[in-house]
Amino acid sequence: MRQKIARQKIAFFTTVMAMSFASFAQSGGASQVEMKGSEGTSLVGDVKATFNQPWAMVFLPDGQSLVTEKAGSLWLLDNNQQKRFEVTGMPDINARGQGGLGDVIIHPDFASNNMIYLSYVERDPKNDNFSGAVVDKARLTITDSGASLSERERIWTQAPKVTGNGHYSHRMVFSPDGYLFITSGERQKFTPAQNMAMNLGKIVRLNEDGSVPEDNPFYGNGDITGQIWTLGHRNLLGIDFDSQGNLWAHEMGPKHGDELNYIEKARNYGYPVVSQGDHYSGVKIPNHEEYPVFKAPVNAWVPAISPAGFMIYKGDKHSDWTGNGFIGGLSSKALVRVSFSQEDESNWQAQEAERYEWGQRVREIEQDSAGHIYVLEDNDNGRLIKLKPAH
């Protein structure tokens, strides 16, 4: 009898220990990820936290960070990138298809004003079948007991709202001189990318309060047209400035032909007239080379990598990568590193330098103020991973 009780105690203790270890591993406490590089590099990443359909991340000046989940949650992470609070005061999010809560960035003067910017998808109150992306500005307050948003204000609306639930894009970045750039997808409608009365299929440039700068290329031609910085885009899910202040953005091509573009004021990037890919129906699209009036990509991927998230690395923790671009790959399940070179002022080149794979879709890449690199996996149970220097 005593032996039976002893065996039961041992079995119970073993079960508890196994459950505790599984819980600890799932929380990222001791988990590591090995990433194999296409050029022989081996990377190791430490798992810091786990999210449901994470979409974007931004670091605060004090080392804390914010992470969005597509369903509508905004998380504040502590200095060790562990979940601290779910932020309250958020807008109501109705996630469908590719749309939901999207990007989050901070104001250039966040240290003094605590302002952040959120992009998300809004349904048309008059017809639920119609939707579009919007951007709100809000003040973030953090206390010992929680984090909340206040003074939330709409500063931009994707126009017009249309049917379907794809190609919102709604990535954001501030320029070194303080202007807000927003990517606006063509919503799988093709022709709006060339329609100057719509801000679909465009990159827009705004002042920090959402007003239109007077030196925008099409200023004075109406509120919507005045926002436009570039046109002829498809679905732009990554945008960043390099250390010299040059603007870069990538976009998903149709069937293959994903693009990395050097963004120049007032240029037309050609979609849907030209593309390095073809329509899913099999209909051919002329390449950029056939119509040189359109700005051609600096690099294009055939087969597709399905780019999402973009960062040009400006730190020195990974000194061999300073100045390189990092693109998350969804269908390619990879982190793609790109090196840049320039023959002259207008002739840029960007080559894929290496591709790191560990069998997961990659949604986002960010760096903290110390130069550490973090990646966010896509889908449910998407992990936040801190990369260690390559070896």
Side-chain angles (χ1 to χ4, degrees), residues 25 28-50 54 57 59 81 237-238 240 242-244 246 248-253 256-262 276-277 297-343 347-368 370-379 381-391:
S31 297
Q32 287 193 330
V33 177
E34 185 175 357
M35 307 169 181
K36 294 293 187 180
S38 57
E39 300 299 317
T41 302
S42 178
L43 296 180
V44 175
D46 291 328
V47 177
K48 308 300 289 186
T50 304
M57 180 181 195
F59 281 90
Q81 309 316 313
L237 291 175
D240 199 11
D242 64 24
S243 58
Q244 288 77 45
N246 299 301
W248 297 84
H250 64 59
E251 61 186 85
M252 288 192 179
H256 307 303
D258 298 332
E259 298 179 9
L260 177 59
N261 286 300
Y262 173 55
Q276 303 310 102
V298 177
N299 200 351
W301 281 267
V302 179
I305 59 172
S306 303
F310 182 49
M311 176 199 71
I312 299 178
Y313 183 60
K314 304 172 184 70
D316 57 11
K317 290 291 184 183
H318 305 264
S319 56
D320 291 343
W321 296 345
T322 302
N324 284 186
F326 287 84
I327 301 171
L330 295 174
S331 65
S332 56
K333 296 184 177 180
L335 176 64
V336 179
R337 180 168 64 88
V338 175
S339 61
F340 298 95
S341 60
Q342 190 177 20
E343 293 182 1
N347 190 6
W348 281 94
Q349 294 185 357
Q351 301 295 328
E352 181 176 323
E354 194 159 13
R355 190 178 296 199
Y356 311 96
E357 299 179 338
W358 63 103
Q360 297 294 325
R361 291 160 57 93
V362 181
R363 171 60 66 177
E364 170 76 309
I365 312 99
E366 281 295 329
Q367 71 173 82
D368 63 18
H372 300 291
I373 295 176
Y374 295 78
V375 297
L376 267 173
E377 297 173 342
D378 194 44
N379 292 333
N381 298 314
R383 298 173 295 181
L384 173 63
I385 303 170
K386 179 183 179 181
L387 300 188
K388 296 182 177 180
H391 62 275

Atom [atom1] of [X] and atom [atom2] of [Y]: how far apart are they, to the nearest 0.5 Å?
X: Glu366; Y: Met311; atom1: CD; atom2: CE; value: 7.5 Å
X: Leu387; Y: Gln367; atom1: CG; atom2: CD; value: 11.5 Å
X: Ser42; Y: Lys36; atom1: OG; atom2: NZ; value: 4.5 Å
X: Glu352; Y: Ser339; atom1: CD; atom2: OG; value: 9.5 Å
X: Leu330; Y: Leu237; atom1: CG; atom2: CG; value: 7.5 Å
X: His256; Y: Ile305; atom1: NE2; atom2: CD1; value: 12.5 Å

Can you label the angle between the [X] ring and the [Y] ring as parallel, tilted or perpendicular, going by 30° and 60°?
X: Tyr356; Y: Trp321; answer: tilted
X: Tyr374; Y: His372; answer: perpendicular
X: Trp348; Y: Tyr262; answer: tilted
X: Phe310; Y: His250; answer: perpendicular

Atom of [X], atom of [Y] and distance for their closest heavy-atom approach:
X: Thr322; Y: Asp316; result: OG1-CA, 4.2 Å
X: Ile327; Y: Pro307; result: CG2-CB, 3.5 Å
X: Ala350; Y: Val338; result: CB-CG1, 3.6 Å
X: Gln81; Y: Ala49; result: O-CB, 3.7 Å
X: Ser331; Y: Arg361; result: N-NH1, 4.2 Å
X: Arg363; Y: Pro54; result: CG-O, 3.4 Å

Tell me, with the steps shown, if Trp358 and Val375 meet side-chain contact (heavy atoms from CB on, under 4.5 Å).
CA-CA 12 Å; Trp358 63 103; Val375 297; 4.1 Å; yes
Residue pair Lys333, Gln360: steps toward the side-chain contact (heavy atoms from CB on, under 4.5 Å) verdict:
CA-CA 5 Å; Lys333 296 184 177 180; Gln360 297 294 325; 5.8 Å; no
Would you check if the side chain of [X] reaches a backbone N or O of [Y] as a donor-acceptor pair within less than 3.5 Å?
X: Thr50; Y: Arg383; answer: no
X: Glu39; Y: Glu354; answer: no
X: Asp258; Y: Ser306; answer: yes
X: Glu364; Y: Met57; answer: yes

Can you tell whether the side chains of Asp240 and Lys314 come within less than 4.0 Å, N to carboxylate O?
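Here Asp240 pairs with Lys314 in a salt bridge, since their nearest N and O are under 4.0 Å apart.
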Output, in order, the C-alpha distance, side-chain angles, deciding distance and verdict of side-chain contact (heavy atoms from CB on, under 4.5 Å) for Asp46 and Lys388.
CA-CA 8 Å; Asp46 291 328; Lys388 296 182 177 180; 3.1 Å; yes
Run the numbers on Gln349 and Glu343 for side-chain hydrogen bond (donor to acceptor under 3.5 Å, both in side chains), then give the verdict.
CA-CA 8 Å; Gln349 294 185 357; Glu343 293 182 1; 2.9 Å; yes
Residue from Asn324, Leu260, Val298 passing side chain to side chain contact (heavy atoms under 4.5 Å, CB included) with Phe340
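Per the side chain to side chain contact (heavy atoms under 4.5 Å, CB included) rule, the option paired with Phe340 is Leu260, out of Asn324, Leu260, Val298.
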